[in-house]
2 protein chains.
Amino acid sequence: MASNFSLESVQVSLTPQERFEEYLQSRSKRCTGPRRILVDHIFSNHEHFDAETLIAQLPGKNDKGYVSRATVFRTLNELVEAGLLSKLDLASRTVFEHDYGYPQHDHLHCTKCDQLIEFQSEELKRLREQVAQQHKFRVTGHRLIISGICEKCARANRRQRRPVDMI
Amino acid sequence: MASNFSLESVQVSLTPQERFEEYLQSRSKRCTGPRRILVDHIFSNHEHFDAETLIAQLPGKNDKGYVSRATVFRTLNELVEAGLLSKLDLASRTVFEHDYGYPQHDHLHCTKCDQLIEFQSEELKRLREQVAQQHKFRVTGHRLIISGICEKCARANRRQRRPVDMI
DNA sequence: ATCATTGCAAAAGATTTGCAAGGTC
DNA sequence: GACCTTGCAAATCTTTTGCAATGAT
């Protein structure tokens with residue numbers, strides 16, 4: 001019993017897989033092998049990913065469990081519709097991230113190494129409401145991406161640049 | 001003299017055209033006809049626009065002042081580099097907007113009519129710095145897009161939906 | 001004259017779609 | 001069996017690029 005505690009106390013009662021099935025049924029769509037494979041894989045870790053990366057990680061064309069590129073894109077879109085994933089349109093590619101059972105957050109984007117760092121801010125929520133009210137706007141969501149250089153890249157840069165000055 | 005006051009008190013002393021020429025010279029790039037045509041057109045109003053829309057507004061393939069699609073894209077990129085324009089990557093297309101002599105701001109994006117409403121927030125600037133500091137991040141910029149339904153669309157929606165209830 | 005820029009057409013990258021075959025309810 | 005989904009290939013859409021001709025300095 002005690003060992004179940006942490007699981008039972010989780011706010012989200014359905015697994016992504018279950019949640020997706022629910023969504024599929026509600027629209028009389030079907031729960032198929034490829035869809036299961038994708039949801040399984042996608043929710044096995046919490047990293048941000050793009051379609052290309054995901055495809056590269058999945059079984060290849062001649063292996064078992066192969067899912068075609070078209071189906072990957074189709075399913076990714078369904079997962080966004082279902083509210084399990086959300087899309088970030090960065091300057092270059094489109095990145096996906098988990099959006100179910102995962103707290104609302106925003107991102108710092110390092111333009112050097114393309115890393116995304118998540119953060120949360122209560123203040124931002126307030127700000128959002130305040131601005132919306134001023135413009136009589138009905139908010140459904142928001143996206144804040146702060147771009148710049150992460151600590152690691154900043155340091156790497158310094159290491160490369162300073163020696164010249166130090167001679 | 002008094003009539004010049006408002007012009008002289010403007011913070012930006014160069015026109016976009018001049019500013020672009022400065023940029024071009026600094027990189028030993030050339031000030032050409034097509035580039036002038038584009039800057040002229042782009043800075044003749046302050047609307048948000050995408051490449052397709054811009055191209056549609058420019059002289060057609062057989063008219064004088066025609067600029068090829070490739071050159072439009074090339075110049076748009078140069079204008080962004082030069083700091084005259086900035087890019088917004090919306091869910092669908094990429095939208096450009098003036099970024100020179102125009103105050104920093106963010107956007108409300110109506111997902112119904114695709115309208116972009118600008119707003120400014122001092123609070124957001126503070127928030128940005130605060131978050132960056134926490135993550136030892138060197139900020140170069142940010143992008144906040146709050147999405148939802150604008151007042152007009154919300155009303156239009158109500159008009160279409162309520163009558164049924166009212167019968 | 002030198003070197004950048006243009007237009008064109010082809011290429012590229014990312015995502016979507018038509019369709020026949022196969023899977024799910 | 002009805003109907004949704006898949007894989008494939010072709011199609012789209014948007015943006016980029018190679019190259020020979022043209023233009024700017």
Side-chain angles (χ1 to χ4, degrees), chain A residues 17 20-41 48-56 58-82 85-96 114, chain B residues 17 20-41 48-56 58-82 85-96 114:
Chain A
Q17 200 69 256
F20 192 38
E21 280 177 34
E22 199 177 73
Y23 164 84
L24 290 173
Q25 291 191 347
S26 76
R27 309 235 183 167
S28 51
K29 293 184 163 203
R30 285 165 192 180
C31 181
T32 67
R35 283 177 178 155
R36 273 200 213 91
I37 290 170
L38 291 171
V39 175
D40 257 3
H41 185 99
H48 298 264
F49 65 94
D50 58 17
E52 210 50 55
T53 306
L54 172 61
I55 291 168
L58 292 167
K61 194 158 195 159
N62 299 307
D63 305 325
K64 85 162 202 306
Y66 169 70
V67 179
S68 75
R69 171 173 291 268
T71 298
V72 170
F73 278 103
R74 280 188 283 235
T75 306
L76 247 19
N77 288 337
E78 281 164 339
L79 288 169
V80 171
E81 269 183 63
L85 290 181
S86 61
K87 255 183 173 180
L88 288 228
D89 292 287
L90 256 44
S92 40
R93 63 244 161 89
T94 296
V95 174
F96 296 86
D114 253 355
Chain B
Q17 200 68 255
F20 192 40
E21 281 178 32
E22 198 176 73
Y23 164 84
L24 291 172
Q25 291 191 347
S26 76
R27 310 235 182 166
S28 51
K29 292 183 164 207
R30 285 166 191 178
C31 180
T32 67
R35 284 178 177 155
R36 274 201 212 89
I37 290 171
L38 290 172
V39 175
D40 258 3
H41 184 99
H48 299 265
F49 65 94
D50 59 16
E52 209 50 54
T53 306
L54 172 61
I55 291 168
L58 292 166
K61 194 158 196 159
N62 299 308
D63 305 325
K64 84 163 202 306
Y66 168 70
V67 178
S68 75
R69 169 173 292 267
T71 298
V72 171
F73 279 102
R74 280 188 284 235
T75 306
L76 245 21
N77 288 337
E78 280 163 340
L79 289 169
V80 172
E81 270 184 61
L85 290 182
S86 61
K87 256 184 172 179
L88 288 228
D89 292 287
L90 256 43
S92 40
R93 63 247 159 84
T94 295
V95 174
F96 295 87
D114 252 355

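Chain letters run A, B, ... following the sequence lines, proteins first and then strands; every chain starts at 1.
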Point-to-point distance, once rounded to the nearest 0.5 Å, from [atom1] of [X] to [atom2] of [Y]:
X	Y	atom1	atom2	answer
A:Leu79	A:Lys87	CG	NZ	12.0 Å
A:Lys61	A:Arg69	NZ	CZ	9.5 Å
B:Thr71	B:Leu76	OG1	CG	11.5 Å
A:Leu58	A:Asp63	CG	CG	11.0 Å
B:His41	B:Ile55	NE2	CD1	11.0 Å
B:His48	B:Ser86	NE2	OG	9.0 Å

Starting from [atom2] on [N], measure out to [atom1] on [X] and report it in whole angstrom.
X	N	atom1	atom2	result
B:Leu24	D:dG23	CG	P	18 Å
A:Tyr66	D:dT5	OH	P	19 Å
B:Phe49	D:dT14	CZ	P	16 Å
A:Ile55	C:dT15	CD1	P	9 Å
B:Asn77	C:dA4	CG	P	19 Å
B:Leu76	C:dT5	CG	P	16 Å
B:Glu78	D:dT15	CD	P	16 Å
A:Lys61	D:dA9	NZ	C1'	9 Å

Protein N or O to nucleotides 22-25 of chain C N or O, pairs below 3.5 Å:
from: C:dG23; atom 1: N2; to: A:Arg30; atom 2: NH1; distance (Å): 2.6
from: C:dT24; atom 1: O2; to: A:Arg30; atom 2: NH1; distance (Å): 2.9

* Give B:Arg74 one of three labels, base, sugar-phosphate or nothing, depending on what nucleic acid heavy atoms sit under 4.0 Å from its own. =>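 Base contact - B:Arg74 has a heavy atom under 4.0 Å of at least one base atom.
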* For B:Arg69, which contact category applies under a 4.0 Å heavy-atom criterion: base, sugar-phosphate, or nothing? ->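 Touches a base.
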* Show your reasoning for whether side chain to side chain contact (heavy atoms under 4.5 Å, CB included) applies to A:Leu85 and A:Phe49. => CA-CA 11 Å; A:Leu85 290 181; A:Phe49 65 94; 4.1 Å; yes
* Rounding to 10 degrees, work out the angle separating the end axes of the helix from C:dA1-D:dT25 to C:dC25-D:dG1 (five pairs an end). =>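 Axis-to-axis angle, ends of the helix: 30°.
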* N or O in side chain of B:Ser68 less than 4.0 angstrom from C:dC8 OP1/OP2 ->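 For B:Ser68, the contact criterion (side-chain N or O under 4.0 Å from OP1 or OP2 of C:dC8) is not met.
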* To do: Check the side chains of A:Glu78 and A:Tyr23 for a donor-acceptor pair under 3.5 angstrom, ignoring hydrogens and angles.
  =>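 Per modelled atom types, A:Tyr23 and A:Glu78 side chains form no pair under 3.5 Å.
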* Asked: Is there a donor-acceptor contact under 3.5 Å from the side chain of A:Arg35 to the main chain of A:Arg30?
  ->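 Checking the backbone N and O of A:Arg30 against the side chain of A:Arg35, a donor-acceptor pair under 3.5 Å is found.
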* Which nucleotide in the list D:dC8, C:dT15, D:dT17 gets nearest to the side chain of A:Ala70? ->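 Side chain of A:Ala70 sits closest to D:dC8.
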